[in-house]
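Following: one structure in structure tokens, then a few remarks.
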Amino acid sequence: MRRTDTCGGLRSSDIGRRACLQGWVRFSRDHGGVAFVDLADRYGITQVVFDPEDTAEADVDRIAGVMGTFARESAVSVEGIVRRRVEGTDDARNPTGEVELLVTDAVLLNRSASPPFEIGDQKEGVLPNEDTRMRYRYLDLRRTEMVGALAFRSRVVHLMRQYLERNSFLEVETPMLGRSTPEGARDYVVPSRRHPGKFYALPQSPQLFKQMLMVGGIDRYYQIARCFRDEDSRKDRQPEFTQIDMEMSFVDTEDILGTVEGMIAAVWEGLYGTELETPFPRIGYREAIERFGSDKPDMRYGLEFVKLTEVVRDAPYEIFKRIIGAGGIVAGINLGDRSSEVGRNEVDRYIQFAKDKAKLGGLTWMRCEDGVLTSNIAKYFTPGILEGIKQALKAEEGDLVFLIAGPWKATYEGGGILRRRIAEDLGLVPDDVFQFSWLVDCPMFEVDPVSGKHDAFHHPFVLPEGDIDAKDVGGACFDICLNGNELGSGSLRIHDAGLQRAVLKKIGMSDEEIERDFGWFIEALGYGAPPHGGIAMGVDRLIAILLGRDTIRDVIAFPKNKKAVSLLDNSPERIDDGKLEELQLLSLAADGLDLGDFDIDE
RNA sequence: GCCCUGGUAGUGUAGUGGCCUAUCAUGAGGCCCUGUCGAGGCCUCGACACGGAUUCGAAUUCCGUCCAGGGCGCCA
């Protein structure tokens, strides 16, 4: 018997013909005579029925015997006639629910052990702990939700490729075995047998290689690129993850943003058949921080901050005076018509949250009552200043406002955490809105307030917009955000060798280090590197957000857990001494290793 | 490295010092059942993560370890 149809394919138009289905036994129901099997594969579920009254007498015992061996989740093959279900037993929830397959022959292909958790879709779906799902990921993948996520992901990536190919992009694979670079995340490292003591590093991103492709004249490149970063994971961060990586020559920022918007709109059209509004809103870095308290602003709801520093500058309130005197800011947020839902107890909870989770020094609140702002500290403000705050925040009767104060960045970012919390508590965050946006006008460097050390705000290959020695020099870089998540970032790149050297020097590298780590790269720029730029976006994150999943693990077939362990194959694992020997490696982490006088610090 | 939350049959849970040789559901095994679809009925099986402490008595309190998740740091 060979499969003629999938378990999701049969319809009433197939009634009367023979079919052979192969799949997994999801549920079975034996009524003591007539027996049903819900046969499942990734396409759907079809009801298979064994009915002794409609079965040739010679076959009854044999088929009944075989079907008796159909344990849950076993792989089976059934052959039979497609027939209409008896009157009144259609299943409207199932696309195949008008028909059933009357068995004329059945074979057990491979019996399944009892599954460790429920695989079928159930009304009150109870999923096991995630580690159980991970250990038996191949069973977890049989679940409709997981199949759906993988299919959706495949579709998205396919649509991206279609768009990019249509627009003259070339997909080029870049090496997995490369050179460890000093900046950035920790590398995953691969020892070289042929060069004992030397190591490759797995790419954190194909950054340098895609720039080399531009030098090489591949003026439009893309890749579904696997990237590796040996850092602690989060629900949206895995040690290995996938980016849609792009790079273009002879372009300006608008070309890149427009291309990405076109690509995402094309994906949207293919996915949902609707038009996605482009261009996406653009917001400057400073403005994003000051309005939304985040460099990845969630614009699906209001609750924006308003700067109050000037309004309260002369208020005789010691805390604000001290903060403003030290160059800090004061800003406010108005809960507006939802204010009545936040009572005094909730206010106290937010004050606690602000201190504990948002790392704010404190949180000031005021409520608009009888036309004036009142609170426990209102007495420290003059009526004129209170009126100024009220007007700046557009506070109306009953409105609750929160005031935050402190150093510019930390305070706004803390406020952003608070803002999100309030929005979630008040149910202001719509889960069916997908708001893309661009964050632009970022600084080139981030200066450590203590050491004065310069760090690249994005990375040191971003084209500076001006004199790199000037204070607050900008970089030609941009982030794409979706619903408060950073999806990816891109930039125009430096294509001048001298400038590249100068930027690397600015972030603290010596001439020797620059030569050793990036000499080859800078040399390449010297051979007519074209002006170029590009972007990389996290595919896992995009898919997870679009599907409303809480973690990217749910859209990755075989993810690793929080400790970067694969519960399925139990990696990482020690390797044989023989292999270590061949690589001329010595493991200091091995059990019971006698280090003798060997000092590991030297 | 740090902080928080959790760990009870295969799975999901109840359980706040004695009502616990631990609840319920699901599952698995057995029997019954000819139109169900998470079929149903009856019976059976099966668990307190590990180590220590407190106590007359610990699933329950405390300490440590391990495991899982969320977060901080980290992630140019």
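Throughout, protein chains are lettered first and strands after them, A, B, ... in sequence-line order, and every chain is numbered starting at 1. As a basis for the values below, the full set of heavy atoms in this structure was taken, side chains included, without hydrogen atoms, waters or symmetry mates.
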Side chain of Asp540(A), backbone of Thr242(A): donor and acceptor closer than 3.5 Å?
yes
Measuring only the P atom in each nucleotide, how far is rC45(B) from rG1(B)? A whole number of Å is fine.
46 Å
Separation of atom CG in Asp232(A) from atom P in rC72(B), rounded to whole Å:
11 Å
Given the P atoms of rU60(B) and rG27(B), what is the spacing between them in whole Å?
31 Å
Measuring from atom OG1 of Thr181(A) to atom CD of Gln207(A), what distance do you get when rounded to the nearest 0.5 angstrom?
10.0 Å
Could you tell me if the side chain of Val99(A) sits less than 4.5 Å from the side chain of Ile15(A), heavy atoms only?
yes
Describe the nucleic acid contact of Arg234(A) in one word from base, sugar-phosphate, nothing, applying a heavy-atom distance below 4.0 Å.
base
OP1 or OP2 of rG71(B) under 4.0 Å from side-chain N/O of Lys357(A):
no
What's Asn129(A) touching, base or sugar-phosphate or nothing? Going by heavy atoms closer than 4.0 Å.
sugar-phosphate
Find the distance Glu73(A):CD to rG27(B):P and express it as a whole number of Å.
13 Å
Which part of the nucleic acid, if any, lies within reach of Arg83(A) when heavy atoms closer than 4.0 Å are counted: base, sugar-phosphate only, or nothing?
base
Could you check whether Glu53(A) gets within reach of a base, just the sugar-phosphate, or nothing at all, counting any heavy atom under 4.0 Å?
base
Round to a whole Å and report the spacing from CZ of Arg93(A) to C1' of rA39(B).
11 Å
Contact check, residues 24-32 of chain A vs RNA chain B, heavy-atom distance under 4.0 Å, returns Phe27(A), Arg29(A), Asp30(A), His31(A), Gly32(A)
Which residue, Gln500(A), Glu247(A), His532(A), forms the side-chain hydrogen bond (donor to acceptor under 3.5 Å, both in side chains) with Arg493(A)?
Glu247(A)
Could you measure between the two P atoms, the one in rG46(B) and the one in rG7(B), and give it in whole Å?
24 Å
Between Gln47(A) (CD) and rU34(B) (C1'), how many Å, whole number?
13 Å
Base, sugar-phosphate, or nothing for Arg186(A), non-hydrogen atoms under 4.0 angstrom?
sugar-phosphate
Checking all strands, does Lys235(A) fall into the base, sugar-phosphate, or nothing category for heavy-atom contacts under 4.0 angstrom?
sugar-phosphate
Sugar-phosphate, base or nothing in reach of Asp90(A), heavy atoms under 4.0 Å
base
Between Thr174(A) and Gln223(A), does any side-chain donor sit less than 3.5 Å from a side-chain acceptor?
yes
Spacing of Glu130(A) atom CD relative to rC67(B) atom P, expressed in whole Å
17 Å
How would you label the contact of Gln238(A) with the nucleic acid (heavy atoms, under 4.0 Å): base, sugar-phosphate, or nothing?
nothing
Need one value for Pro128(A): base, sugar-phosphate or nothing, where a base atom within 4.0 Å counts as base even if backbone is also close, heavy atoms only.
sugar-phosphate
Could you state the interatomic distance from CD (Glu465(A)) to CG (Leu492(A)), rounded to the nearest 0.5 Å?
7.5 Å
Here's a test for you: under side-chain hydrogen bond (donor to acceptor under 3.5 Å, both in side chains), which of Lys562(A), Arg553(A), Arg135(A) qualifies with Glu130(A)?
Arg553(A)
Asn561(A) atom CG is separated from rG70(B) atom P, nearest whole Å, by 10 Å
What is the separation between atom CZ on Phe70(A) and atom P on rC37(B), rounded to the nearest whole Å?
21 Å
Name the nucleic acid region contacted by Asp51(A), choosing base, sugar-phosphate or nothing; use a 4.0 angstrom heavy-atom cut-off, strictly under.
base
Measuring only the P atom in each nucleotide, how far is rC66(B) from rG51(B)? A whole number of Å is fine.
15 Å
Is it true that the side chains of Gln238(A) and Ser233(A) contain a donor and an acceptor less than 3.5 Å apart?
no
